[in-house]
Structure formats: structure tokens, C-alpha cells
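I have placed the structure first, in the form of C-alpha cells, so that the comments after it can refer back to it.
Throughout, a chain's letter reflects where its sequence line sits, starting with A, and its residues are numbered from 1.
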2 protein chains.
Amino acid sequence: MFKELNPLLHSELRLAVMSVLISVESADFVFLREQTGATAGNLSVQIDKLQKAGYITVEKGFKGKMPRTTCAITQEGVAAFEEYVAALRSYIGKGI
Amino acid sequence: MFKELNPLLHSELRLAVMSVLISVESADFVFLREQTGATAGNLSVQIDKLQKAGYITVEKGFKGKMPRTTCAITQEGVAAFEEYVAALRSYIGKGI
DNA sequence: TAAAGTAGTTTATAATATAAACCAAATTTC
DNA sequence: GAAATTTGGTTTATATTATAAACTACTTTA
């Protein structure tokens, strides 16, 4: 009847991060913070969880002298996102 | 960019309950438990939250000698569900 | 009448989300 | 050029949430 909703994606902020990353090649921390409206602390934690799940890659480098964290979605991440969306259908029907 | 997801509906079990109730006139506790696969304890708690939010009505009566709890979605509940679905769109795009 | 089942509720615990507090380096202001 | 502010984050403390386990109250069956 109802498909299970991947709890790692069933989180407002993590879902927003994935939503941004699925449509771009990569995005840095500041961009993600701006797009999601999240606090830096919350974003930092959620990025970490997505990375540990293998859904995104996180690279830390420098742009000039300032630190810069760049994130990108993995194939596994794309697959998980698509599966999550498919599972949602079982709750909200075709109405969406 | 991203619309807020009503936290009362952004819960796997509560969403499932609402999803059942939106398509029937009413449903009793046992039916909801069967459809959602939830434990009785969890279902009891989540039904309570939905009722307190005004999204469903809960009537307690008897079927023969056995207690029976009947739930139905309210207009407010329907509106909240539809708004939640609309908000989801901002996260999952046209993909769904 | 004892055991098992039904229909739930209450409560304890673990997991989660979130913001506040913090840190280090860079930049600006006085 | 020292102090204050900003940038780009991380760590940690707290409040909320989800969940199952334990329990209640009653009914049915053996």
C-alpha cells in the first residue's frame, strides 16, 4: 500500500539540498545556504549525513584565501532521490 | 524557492493516515492500522496529533460490545493535505 | 474460570532536527 | 597596526519526534 520513505531524504533540509544538487553539476556551501535558507550549522550537519550516506560528495578547498566547500550529487544520490519521489506517489497519488 | 513543509504532515505515518482518510468517508482504528502497517501505539499517538491539529475528527463508540474508534478527515485537513502536496512540488519538481 | 484475543492508551527511550555557541582566518575600520 | 567585523564553516546542547514496549480494560473461547 504505502512504500517506505527513505528517512535520510525525508527531512526538509536534506531534501532541499538534494533538490538543488540534482539540477546542477555542483554547488558550494554558501550557495546551498542561500538556496535553502538554512542556518550554517544545520546545513553543515545535514551535508555530513548526506555524504556519509554516499548521496553526495564533499570537497574542501580554497577560493583564493577563503575556504570553500563544494558538494555534488552522486549516482547513488540520484537513484535514492528518484526512489524517494516514487515512494511519495504512494502517499499523495497522481494528484501531484 | 522551497515552500515550508507542514511538519504535522511531514511524518510518514501521519501522512499515510491522511492519505487513507482523504479517499474514504471514514475509517476505523483497525482499518487504519491495517492499511498503514503501523503499531497500535504509534497510530494512537499520531491520530491524537492529527485530531488536536483539527485535521481529523475522532469518534469513540462501540460496535456491539467492542470499542470502536472512527476517524474522518475535516475540511481543514483536506486543505492542509493539499497545501502540503503543493509544497512538495517545490522540492521534487515536475519529476513526480 | 483461566487463557487468549481485541482495541486501544500511556510511557519510556532512542533518534532527529535545529539553533546557539564556538573557532580560525580574512577583511575592514578606526 | 590593533581592534572590530565578516566569512565560512564546525561542534555541541536542547527541544521535538517517532516508535515500540508495557500496560489497561474488556470480551471471547476453551
Side-chain angles (χ1 to χ4, degrees), chain A residues 2-21 26-53 55-72 80 84 87 91, chain B residues 2-21 26-53 55-72 80 84 87 91:
Chain A
F2 294 108
K3 291 182 191 162
E4 241 183 80
L5 294 174
N6 181 340
L8 241 139
L9 294 184
H10 196 61
S11 139
E12 188 158 8
L13 181 47
R14 287 196 298 272
L15 191 61
V17 168
M18 294 292 280
S19 178
V20 170
L21 290 180
S26 72
D28 62 28
F29 190 93
V30 173
F31 182 73
L32 287 173
R33 186 162 49 68
E34 285 166 357
Q35 293 293 306
T36 61
T39 61
N42 194 7
L43 184 57
S44 179
V45 171
Q46 305 311 330
I47 280 176
D48 210 50
K49 288 185 184 179
L50 288 173
Q51 182 194 14
K52 274 171 184 155
Y55 293 170
I56 67 173
T57 58
V58 179
E59 271 180 66
K60 278 157 198 309
F62 285 87
K63 185 178 194 172
K65 293 175 178 178
M66 301 294 272
R68 190 183 54 161
T69 299
T70 306
C71 303
Y84 174 78
Y91 294 82
Chain B
F2 295 108
K3 290 182 192 163
E4 243 182 79
L5 295 174
N6 181 339
L8 241 139
L9 294 184
H10 194 62
S11 139
E12 188 158 7
L13 182 48
R14 287 196 299 272
L15 190 62
V17 168
M18 294 293 280
S19 178
V20 171
L21 290 180
S26 71
D28 63 27
F29 190 94
V30 173
F31 181 74
L32 286 173
R33 186 161 51 67
E34 284 166 358
Q35 293 294 305
T36 61
T39 61
N42 194 7
L43 183 58
S44 178
V45 172
Q46 306 312 329
I47 280 177
D48 209 52
K49 287 185 186 178
L50 288 172
Q51 182 193 14
K52 274 172 184 154
Y55 293 170
I56 67 173
T57 58
V58 180
E59 271 181 66
K60 279 156 198 310
F62 285 87
K63 185 179 193 174
K65 292 176 176 174
M66 300 294 273
R68 191 182 55 161
T69 300
T70 306
C71 304
Y84 174 77
Y91 293 82

At under 4.0 Å, does any side-chain N or O of B:Lys49 touch on OP1 or OP2 of D:dA18? yes
A:Asn42 vs A:Thr39 side-chain heavy atoms within contact, under 4.5 Å: yes
Between D:dT19 and B:Thr39, is there an OP1 or OP2 to side-chain N/O distance shorter than 4.0 Å? no
Whichever of A:Met66 and B:Met66 has the more 5' nearest nucleotide on DNA chain D, that residue is A:Met66
Report the distance from atom CG of B:Leu9 to atom P of D:dA18, rounded to the nearest whole Å. 11 Å
Atom-to-atom span, CG of A:Leu32 to P of D:dT10 - whole angstrom: 12 Å
Output yes when at least one side-chain N/O atom of A:Arg33 is less than 4.0 Å from OP1 or OP2 of D:dT7, else no. no
Do you know which of B:Pro67, B:Cys71, B:Ser44 makes side chain to side chain contact (heavy atoms under 4.5 Å, CB included) with B:Phe29? B:Ser44
Looking only at side-chain atoms of B:Ala40, point me to the closest of D:dT10, C:dT9, D:dG9. C:dT9
Integer-rounded Å distance: C:dG8 P and B:Asp28 CG: 7 Å
To the nearest Å, how far apart are B:Glu12 CD and D:dA18 P? 11 Å
Whole angstrom is fine here: how far is it from CG in B:Asp48 over to C1' in D:dT19? 15 Å
Given D:dG8, C:dG8, C:dT11, identify the nucleotide with an atom nearest to the side chain of B:Val45. C:dT11
Would you mind reporting whether A:Leu15 and A:Tyr84 have side-chain heavy atoms less than 4.5 Å apart? yes
In terms of side-chain heavy atoms of A:Leu13, which of C:dT18, C:dG8, D:dT10 is nearest? C:dT18
Examine D:dA18: is either OP1 or OP2 under 4.0 Å from a nitrogen or oxygen in the side chain of B:Ser11? Give yes or no. yes
Can you tell me if the side-chain N/O atoms of A:Arg14 get under 4.0 Å from OP1 or OP2 in C:dT16? no
Under 4.0 Å, counting only non-hydrogen atoms across every strand here, what does A:Gln46 touch: a base, just sugar-phosphate, or nothing? base
Would you name the heavy atoms of B:Ala87 and B:Glu4 that are closest together and state the gap between them? CB-O, 3.6 Å
Is any side-chain N or O of B:Lys60 closer than 4.0 Å to OP1 or OP2 of C:dT9? yes
A:Lys65 or B:Val30, whichever maps to the more 5' nucleotide of DNA chain C: B:Val30
What is the distance, rounded to the nearest whole Å, between atom CZ of A:Phe29 and atom C1' of D:dG8? 7 Å
Grab the CG-P distance between A:Leu5 and D:dT17 for me, whole Å please. 18 Å
Do A:Gln35 and A:Phe31 have side chains that get closer than 4.5 Å, going by heavy atoms? yes
Calculate the interatomic distance between B:Ile47 atom CD1 and C:dG8 atom P; express it in whole Å. 8 Å
